[in-house]
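Written out below as structure tokens is the structure these notes cover.
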Amino acid sequence: MSSFDLNLARVFVLLYETGSVTATAETLHVTQPTVSYSLGKLRRHFDDELFRRTGRGLTPTAGAQRLYEPLQRALADIDAATRQGDLFDPERMSGRFTVALSDLGEATLLPRLVAAARERAPRVSFTVRPLDVDAAESQLRRGELDAFIATPVLTSHRTVRIPLFHERYVGMVAADHPRIGGASVALPELAAEHHVTVYGPSGHVVPRSLLATYGLLDRVAVEATRFSMLPYVLERTDLIAIVPEYVGEVFTASHRLRLVQLPFETEPIEVALYARHESSRSPSQRWLVHFMAEVLGELVSPAQLPPSSGT
């Protein structure tokens, strides 16, 4: 494959993954007309339209779908062989990264990331945007985000999903709750209490779904848009909330709160990192994804621990 052909292959892969001439041009540091000219050469070479313009950007044809995997794999192999001299050194280089997190992520995961970055990459800085699960993949594709963390499973050929850790759900109440005093709560007790829940664009829907399953939505006394308000409401009231366990542990460490086991089993949720495909990332973005996966992959929720053998 000549260097010219390699450049065309890279344009094709980026167009496929981003669905955008603009994002492809920005990633390759060329002009949009240059990308459009390359796309024309690709269409003539393969005698296929390759991409059709739709409301969601460029949509690949069946021919493009057949070409993507072998071309992407070839580029990944070439990049792996030549990347040694094209690395991002966070101790010498500066970089600003834009990541999207839910308010839960800002309260519980961001402190870990920032603390690790101050130690390992003092020249790196972050811009944090609120997570909107419906828009995040498009923002990633357009280059508005470098990465985002979410619990919903989002499937797209334009992004990579990197699992980080699992969480299970628990109840959280005030430390001096007048009725719930033990380490667990029975279903009749849960049904008798009033609840506080969260809804919004972060995609964290399991607590409300659990309440709906057991017919308890009419027991919801407060609905709000941000999880970060929970500890302040709970420690001053007799309400109860269903939260991910690691999140609860973070909140109970700094507020007068307790965690209680729920009266039903809940499917553990998987928290994942989303980014562009590796071949579409800049050297600094490759470092960021590895860094975030390493730092947050170290986080062990109780749902990951082996069952107690008892003593």
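Along the sequence shown, the residues carry numbers beginning at 1.
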Evaluate the ring planes of Y16 and F12, with Trp represented by its six-membered ring, and classify them as parallel (under 30°), tilted (30 to 60°) or perpendicular (over 60°). tilted
Residue of the set [options] for which side-chain contact (heavy atoms from CB on, under 4.5 Å) holds with [X]:
| X | options | value |
| --- | --- | --- |
| L239 | V173, V196, L230 | V196 |
| Y274 | L154, V133, I162 | L154 |
| V128 | V99, V114, L113 | V99 |

CG (L28) and OG (S38) are apart, to the nearest 0.5 Å, by 8.5 Å
Find out if a path of hydrophobic residues (ILVMFWY) with successive side-chain heavy-atom gaps under 4.5 Å connects [X] to [Y].
| X | Y | result |
| --- | --- | --- |
| V271 | V153 | no |
| Y214 | L190 | yes |
| L6 | V30 | yes |
| V247 | Y232 | no |

Residues pairing under salt bridge (charged side-chain N to carboxylate O under 4.0 Å, His left out) where one sits in residues 170-179, two or more places apart or in two chains, turn out to be R179-E193, R179-D238
So, R43 side chain and F51 main chain: donor-acceptor pair closer than 3.5 Å or not? yes
Side chains of R96 and T127 only: does a donor on one sit below 3.5 Å from an acceptor on the other? yes
Test item: L273 and L296 side chains (from C-beta on) under 4.5 Å apart, heavy atoms: no
